[in-house]
Asks: 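Below you will find the structure I want to go over with you.
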Amino acid sequence: MKPELSVVIPVYNEEAGLSQLFNRLYPALDALNLSYEIIFVNDGSRDNSVSILAQQFQLRPDVTRVILFNGNYGQHMAILAGFEATRGDIIVTLDADLQNPPEEIGKLIEKMREGYDYVGSIRRVRQDSAWRTIASKAMNRLRENITHIKITDQGNMLRAYGRNVIDLINQCAEVNTFVPALAYTFARKPTEVVVEHEERAAGVSKYSLYSLIRLNFDLITGFSLVPLQFFSILGMFLSVGSAALVVLLLIRRFLLGAEAEGLFTLFAIAFFLMGVILFGIGLVGEYVGRIFQQVRARPRYVVQTILQQTQNDQKHD
Ligand code: UDP
Ligand code: MG
């Protein structure tokens with residue numbers, strides 16, 4: 001029994017907002033008049049989220065499934081695990097904190113029915129702190145320039161994907177990926193719609209500054225080699241420049257004698273170059289780390305339990 005729509009929601013320490021989410025999500029989906037399933041993926045929550053999800057599963061076992069990870073593997077891994085469990089033709093992802101209004105899902109479905117296989121979304125007015133909005137815009141622009149991925153608003157997870165895209169994603173064994181970008185690379189006919197965005201209903205953001213930086217490194221290094229290529233070009237210019245400097249200093253030494261002034265300018269140049277080199281090594285490390293994880297080929301996440309109706313249960317209904 002395949003539903004038309006599968007909704008995938010990652011959950012990490014969301015006990016404060018889950019009941020509000022259920023109260024809006026289920027009616028919104030019921031109103032769409034199509035068959036659906038909701039797959040919650042608990043990403044190793046340490047609060048009461050699991051029992052709240054289990055309760056909800058008991059209330060609506062016909063349309064609810066819950067995947068429980070044994071630890072915290074990150075939002076994007078949780079979504080990938082959810083994807084593997086989906087059976088619908090249209091797959092929608094959504095945050096658990098109600099920043100993506102469930103009432104907007106209908107808009108995405110409408111677009112999908114027009115024949116698109118990837119519907120991204122642009123937040124009409126973004127309800128996040130100012131520094132995140134600014135930083136995110138800057139990252140958006142960088143990504144735009146160094147990958148072929150055209151996503152206007154990359155930070156928003158309210159998106160719809162066709163079965164063809166999800167099947168391809170399920171074949172990838174990528175670690176630390178960025179789901180909307182990965183999906184975009186497989187989409188034949190992508191489009192975007194404008195949606196509302198709300199403030200987090202309850203609880204706090206699960207992303208620290210550090211995990212945001214990590215996520216953006218994964219986005220860039222997972223989808224582009226331009227940073228590496230940039231460094232080889234930069235290295236080329238710098239070595240030509242420093243060779244010229246050596247020649248210049250050599251000539252000066254013979255014409256004017258040894259110099260001591262300007263020594264600190266030289267220090268400044270040297271320290272700047274050291275910074276550039278360190279960043280370059282770090283960047284190479286990012287890619288090597290990626291290769292390392294891929295070569296190790298460990299399971300990307302471990303599912304502890306899945307709460308779902310068995311076929312026999314369904315027959316009793
Ligand atoms: N999330 C997750 N694992 C994590 C971090 C976040 O599953 O390690 C989930 C979280 O529960 C929420 C979604 O990912 O449903 C987005 O997280 P959040 O709202 O904290 O991010 P923000 O809106 O601040 O970017
Ligand atoms: Mg959020």
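Whatever order the structure lists them in is the order used to number ligands and atoms, beginning at 1. The structure presented is a predicted model; accordingly, all values stated were derived computationally and were not measured.
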Asks: Quick check for you: with the Mg ion (ligand 2) as the vertex, what angle do OD2 of D97 and OE1 of Q99 span, to 10°?
Replies: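 That angle is 100°.
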Asks: Under a plain distance cut-off of 3.5 Å, with no hydrogens placed, do N140 and D153 share a side-chain donor-acceptor pair?
Replies: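 Checked: D153/N140 side chains show no N/O donor-acceptor pair below 3.5 Å.
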Asks: Starting from atom 4 (C) of ligand 1, what is the nearest protein heavy atom, named by residue and atom, and what distance separates them?
Replies: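 For this ligand atom, the closest protein heavy atom is D43 OD2, 3.4 Å.
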Asks: Within a distance under 4.0 Å of any heavy atom of N72, pick out the atoms of ligand 1 and give their elements.
Replies: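 Contacts of ligand 1 toward N72, numbered from 1: 3 (N), 4 (C), 8 (O).
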Asks: Any carboxylate oxygen within less than 4.0 angstrom of a Lys/Arg side-chain nitrogen, looking at E84 and R300?
Replies: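 Yes, charged N to carboxylate O under 4.0 Å.
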Asks: Aromatic rings Y73 and F69: how do their planes relate, parallel, tilted or perpendicular, breaks at 30° and 60°?
Replies: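 Perpendicular: the ring planes of Y73 and F69 meet at over 60°.
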Asks: Using distance alone, decide if ligand 1 has a nitrogen or oxygen within less than 3.5 Å of any nitrogen or oxygen in V204.
Replies: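 No: no nitrogen or oxygen of V204 is under 3.5 Å from one in ligand 1.
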Asks: How far is atom 17 (O) of ligand 1 from its nearest protein heavy atom, and which residue and atom is that?
Replies: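 Ranked first by proximity to atom 17 (O) of ligand 1 is Y207 CE1, 4.0 Å.
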Asks: Looking at E114 and K111, is there a salt bridge between them, counting it only when a charged N and a carboxylate O are closer than 4.0 Å?
Replies: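 Yes, this pair counts.
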Asks: Look at the aromatic rings of F279 and F231 and report parallel, tilted or perpendicular, splitting at 30° and 60°.
Replies: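 If you compare the ring of F279 with that of F231, the planes turn out tilted.
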Asks: At a 4.0 Å threshold, what atoms of ligand 1 neighbour a non-hydrogen atom of G74?
Replies: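 Checking each atom against G74, I get 3 (N), 8 (O).
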Asks: Between R200, Q75, Q99, flag the one that comes closest to atom 18 (P) of ligand 1 by a heavy atom.
Replies: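 Result: the heavy atom closest to atom 18 (P) of ligand 1 is in R200.
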Asks: For ligand 1, indicate whether the residue D95 contacts it via side chain, backbone, both or neither (heavy-atom separation under 4.0 Å).
Replies: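 Answer for D95: both.
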Asks: Nearest protein heavy atom to atom 19 (O) of ligand 1, by residue and atom, and its distance?
Replies: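 In this structure, atom 19 (O) of ligand 1 has D97 OD2, 2.6 Å as its nearest protein heavy atom.
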Asks: Tell me yes or no: between the side chains of Y36 and D30, is some donor less than 3.5 Å from an acceptor?
Replies: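 Yes, D30 and Y36 have a side-chain donor paired with an acceptor closer than 3.5 Å.
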Asks: Under a 3.5 Å threshold, yes or no: a donor from one side chain and an acceptor from the other, between S208 and S211?
Replies: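 A pair is found: one side chain offers a donor N or O, the other an acceptor, under 3.5 Å apart.
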Asks: Tell me which protein heavy atom sits closest to atom 24 (O) of ligand 1, plus the residue, atom name and distance to 0.1 Å.
Replies: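 Heavy-atom neighbour on the protein nearest atom 24 (O) of ligand 1: S205 OG, 2.5 Å.
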Asks: Establish, from distance only, whether the side-chain atoms of N42 and S49 form a donor-acceptor pair under 3.5 Å.
Replies: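 S49 and N42 do not have a side-chain donor-acceptor pair below 3.5 Å.
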Asks: So that I can tick it off, tell me whether E14 and R200 are bridged by a salt bridge, with the cut-off set at under 4.0 angstrom between side-chain N and carboxylate O.
Replies: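 A salt bridge links R200 with E14.
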Asks: Considering only the protein, which heavy-atom contact is closest to atom 6 (C) of ligand 1, and what is its distance?
Replies: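 Going by distance alone, atom 6 (C) of ligand 1 is nearest to K206 CB, 3.6 Å.
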Asks: Between the candidates H76, H197, R132, which shows the shortest non-hydrogen contact distance to atom 25 (O) of ligand 1?
Replies: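 Looking at heavy atoms only, the winner is R132.
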Asks: May I ask you to check whether Y12 has an N/O atom sitting below 3.5 Å from an N/O atom of ligand 1?
Replies: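 Such a contact does occur with ligand 1.
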Asks: How many angstroms lie between atom OH of Y161 and atom OG1 of T86, to the nearest 0.5 angstrom?
Replies: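 Nearest 0.5 Å value for the OH-OG1 distance: 12.0 Å.
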Asks: Name the closest protein heavy atom to atom 12 (C) of ligand 1, giving the residue it belongs to and the distance to 0.1 Å.
Replies: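 Ranked first by proximity to atom 12 (C) of ligand 1 is E14 OE2, 3.4 Å.
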Asks: Please report which non-hydrogen protein atom sits nearest to atom 9 (C) of ligand 1, along with the residue it belongs to and the distance in Å to one decimal place.
Replies: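 Among all protein heavy atoms, the one nearest atom 9 (C) of ligand 1 is P10 O, 3.9 Å.
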